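Sequence lines set the chain letters: A, B, ... in the order given, protein chains first and strands last, and positions in each chain run from 1. Keep in mind that what you see is a predicted model, and the values were worked out from it rather than measured.
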Number of protein chains: 2
Amino acid sequence: MSPLLPLPVTAADRDSCAATDILRRVGEKWSVLILALLAERPYGFNELDRTVEPVSRRILTRTLRTLEADGLISRSETPERVRYALTPLGRSLLPLIVALGEWAAEHADEIGAARA
Amino acid sequence: MSPLLPLPVTAADRDSCAATDILRRVGEKWSVLILALLAERPYGFNELDRTVEPVSRRILTRTLRTLEADGLISRSETPERVRYALTPLGRSLLPLIVALGEWAAEHADEIGAARA
DNA sequence: CAGCATCCTGCGCGATACTG
DNA sequence: CAGTATCGCGCAGGATGCTG
């Protein structure tokens, strides 16, 4: 066993697998989108709310809190507004997400064909 | 807008984003693990069931069907057994998952520290 | 502007039992 | 061996209204 990576095969591992963990995190509905937006510049809360569009404020809040708790984004208050920004850790994750996005774009037709 | 990628910002895009789509797919609980196992060699159904361990057969079945529908794995029947294997498409996705796994392993302590 | 409180729905995931 | 059928739980995600 023990494949190419720190991947969990036994029951004992299954909750402690870093790869699965982070994959589930970025698999959450709005995470990647938020990270991609913050890659360009910091955003305020309502600004994110408007830009991400059909997300509810409840979910946006929770997603931001989670990303913050993981150290991927930072939240700072200024007198005028709250400011969400990427942390260095979050920024280091970007290339991988970008690569996955490119892979998905390249093979979108193959996947579409397979589904039909 | 329109960040670094084909990422969905508007409501119209949100269900058609290939990147988010594939991320949710591999974010499913057992997907990466199954892909990682099949990266080494083909597996039979019960063989997967035993190896992945705490997964229920119902979920294993559904996960396999989904991965198959996306063209990432193939299912073929021989007289003695059913054989699940990676497709070329699935294999082309592996390096990206490996990269994410390595990233997660490298930064596991930072993430852990952030959560505390 | 930046949220929190409340209520609700769908489905990811699981346990258990049964089938050809 | 390779599944299907049935039942159930918890949580992601959402709608709506209120707050300082």
Asks: For the pair Glu47(A) and Arg41(A), find out whether any cationic side-chain nitrogen is under 4.0 Å from an anionic carboxylate oxygen.
Replies: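 Looking at Glu47(A) and Arg41(A), the cut-off is met.
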Asks: Can you check whether Arg58(A) has a side-chain N or O nearer than 4.0 Å to OP1 or OP2 of dC7(C)?
Replies: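 No, outside the criterion.
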Asks: May I ask you to verify if any side-chain N or O of Arg24(A) is less than 4.0 angstrom from the OP1 or OP2 atom of dC11(D)?
Replies: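 For dC11(D), neither OP1 nor OP2 has a side-chain N or O of Arg24(A) closer than 4.0 Å.
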Asks: Which is more 5' along DNA chain C, the nucleotide nearest Glu80(A) or the one nearest Gly27(B)? Just name the residue.
Replies: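 Of the two residues, Glu80(A) wins.
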Asks: Are Tyr84(A) and dC1(C) close enough that a side-chain N or O sits under 4.0 Å from OP1 or OP2?
Replies: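 For dC1(C), OP1/OP2 do not have a side-chain N/O of Tyr84(A) under 4.0 Å.
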Asks: What's the closest nucleotide to the side chain of Ile59(B) if the choices are dC13(C), dC1(D), dA15(D)?
Replies: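 Taking heavy atoms from C-beta onward, the closest nucleotide is dC13(C).
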Asks: How long is the line joining CD1 of Ile34(B) and P of dC13(C), in whole Å?
Replies: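 In whole Å, dC13(C) P and Ile34(B) CD1 are 11 Å from each other.
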Asks: From OH of Tyr43(A) over to P of dA2(C), roughly how many Å is that when rounded to an integer?
Replies: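 Atom OH in Tyr43(A) sits about 13 Å away from atom P in dA2(C).
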Asks: With a cut-off of 3.5 Å and sequence neighbours excluded, list every side-chain donor-acceptor pair involving residues 105-114 of chain B.
Replies:
{"residue": "His107(B)", "atom": "ND1", "partner": "Trp103(B)", "partner atom": "O", "Å": "2.9"}
{"residue": "His107(B)", "atom": "ND1", "partner": "Trp103(B)", "partner atom": "NE1", "Å": "3.4"}

Asks: Taking the side chain as C-beta and beyond, is there a heavy-atom pair between Leu86(B) and Leu94(B) under 4.5 Å?
Replies: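 Answer yes - side chains close enough.
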Asks: For dC1(C), take OP1 and OP2 only and decide whether either is under 4.0 Å from a side-chain N or O of Arg83(A).
Replies: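 No.
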Asks: Please tell me which of the listed nucleotides, dA2(C), dG3(C), dG14(D), lies nearest to the side chain of Thr61(A)?
Replies: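 The listed nucleotide nearest to Thr61(A)'s side chain is dG3(C).
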Asks: Side-chain N or O of Arg65(A) less than 4.0 angstrom from OP1 or OP2 on dC4(C)?
Replies: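 For dC4(C), OP1/OP2 do have a side-chain N/O of Arg65(A) under 4.0 Å.
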Asks: For Glu77(B) and dG20(C), give me the distance from atom CD to atom C1', rounded to whole Å.
Replies: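 Rounded to whole Å, this separation is 13 Å.
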Asks: So what does Arg57(A) touch, heavy atoms closer than 4.0 Å: a base, only the sugar-phosphate, or nothing?
Replies: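 Base: the residue Arg57(A), judged by heavy atoms under 4.0 Å, touches a nucleobase.
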Asks: Expressed as a whole number of angstroms, how long is the span from Glu53(B):CD to dA15(C):P?
Replies: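 These atoms are roughly 11 Å apart.
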Asks: With DNA chain C as reference, determine whether Glu28(B) or Phe45(A) sits nearer its 5' end, using the nearest nucleotide of each.
Replies: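 Nearer the 5' end of the strand: Phe45(A).
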Asks: Rounded off to whole Å, could you give me the CG-to-P distance for the Leu60(B) and dA2(D) pair?
Replies: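 Going from Leu60(B) (CG) to dA2(D) (P), I get 11 Å.
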Asks: Rounded to the nearest angstrom, tell me the gap between atom CG in Leu67(B) and atom P in dG12(C).
Replies: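 Result: 13 Å.
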Asks: Rounded to whole angstrom units, what separation is found between the CD atom of Glu68(A) and the P atom of dG3(C)?
Replies: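 Roughly 9 Å, once rounded to whole Å.
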Asks: If you check the Arg62(A) side chain, which of dC1(C), dC13(C), dG13(D) turns out closest?
Replies: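 So the nucleotide nearest the side chain must be dG13(D).
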Asks: Which atoms form the tightest heavy-atom contact between Arg81(A) and Tyr43(A), and what is the distance?
Replies: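 Shortest heavy-atom contact: NH1-C, 3.9 Å.
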Asks: Take atom CG of Asp49(A) and atom P of dA15(D), then tell me their distance rounded to the nearest Å.
Replies: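 For the pair Asp49(A) CG and dA15(D) P, the rounded distance is 12 Å.
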Asks: Of the listed nucleotides (dC1(C), dG3(D), dG14(C)), which one gets closest to any side-chain atom of Ser56(B)?
Replies: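 The closest nucleotide is dG14(C).
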Asks: Measure from the side-chain N and O atoms of Arg115(B) to the backbone N and O of Asp70(A), and report whether any donor-acceptor pair falls under 3.5 Å.
Replies: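 No; judged by distance alone, with no hydrogens or angles, the pair does not exist.
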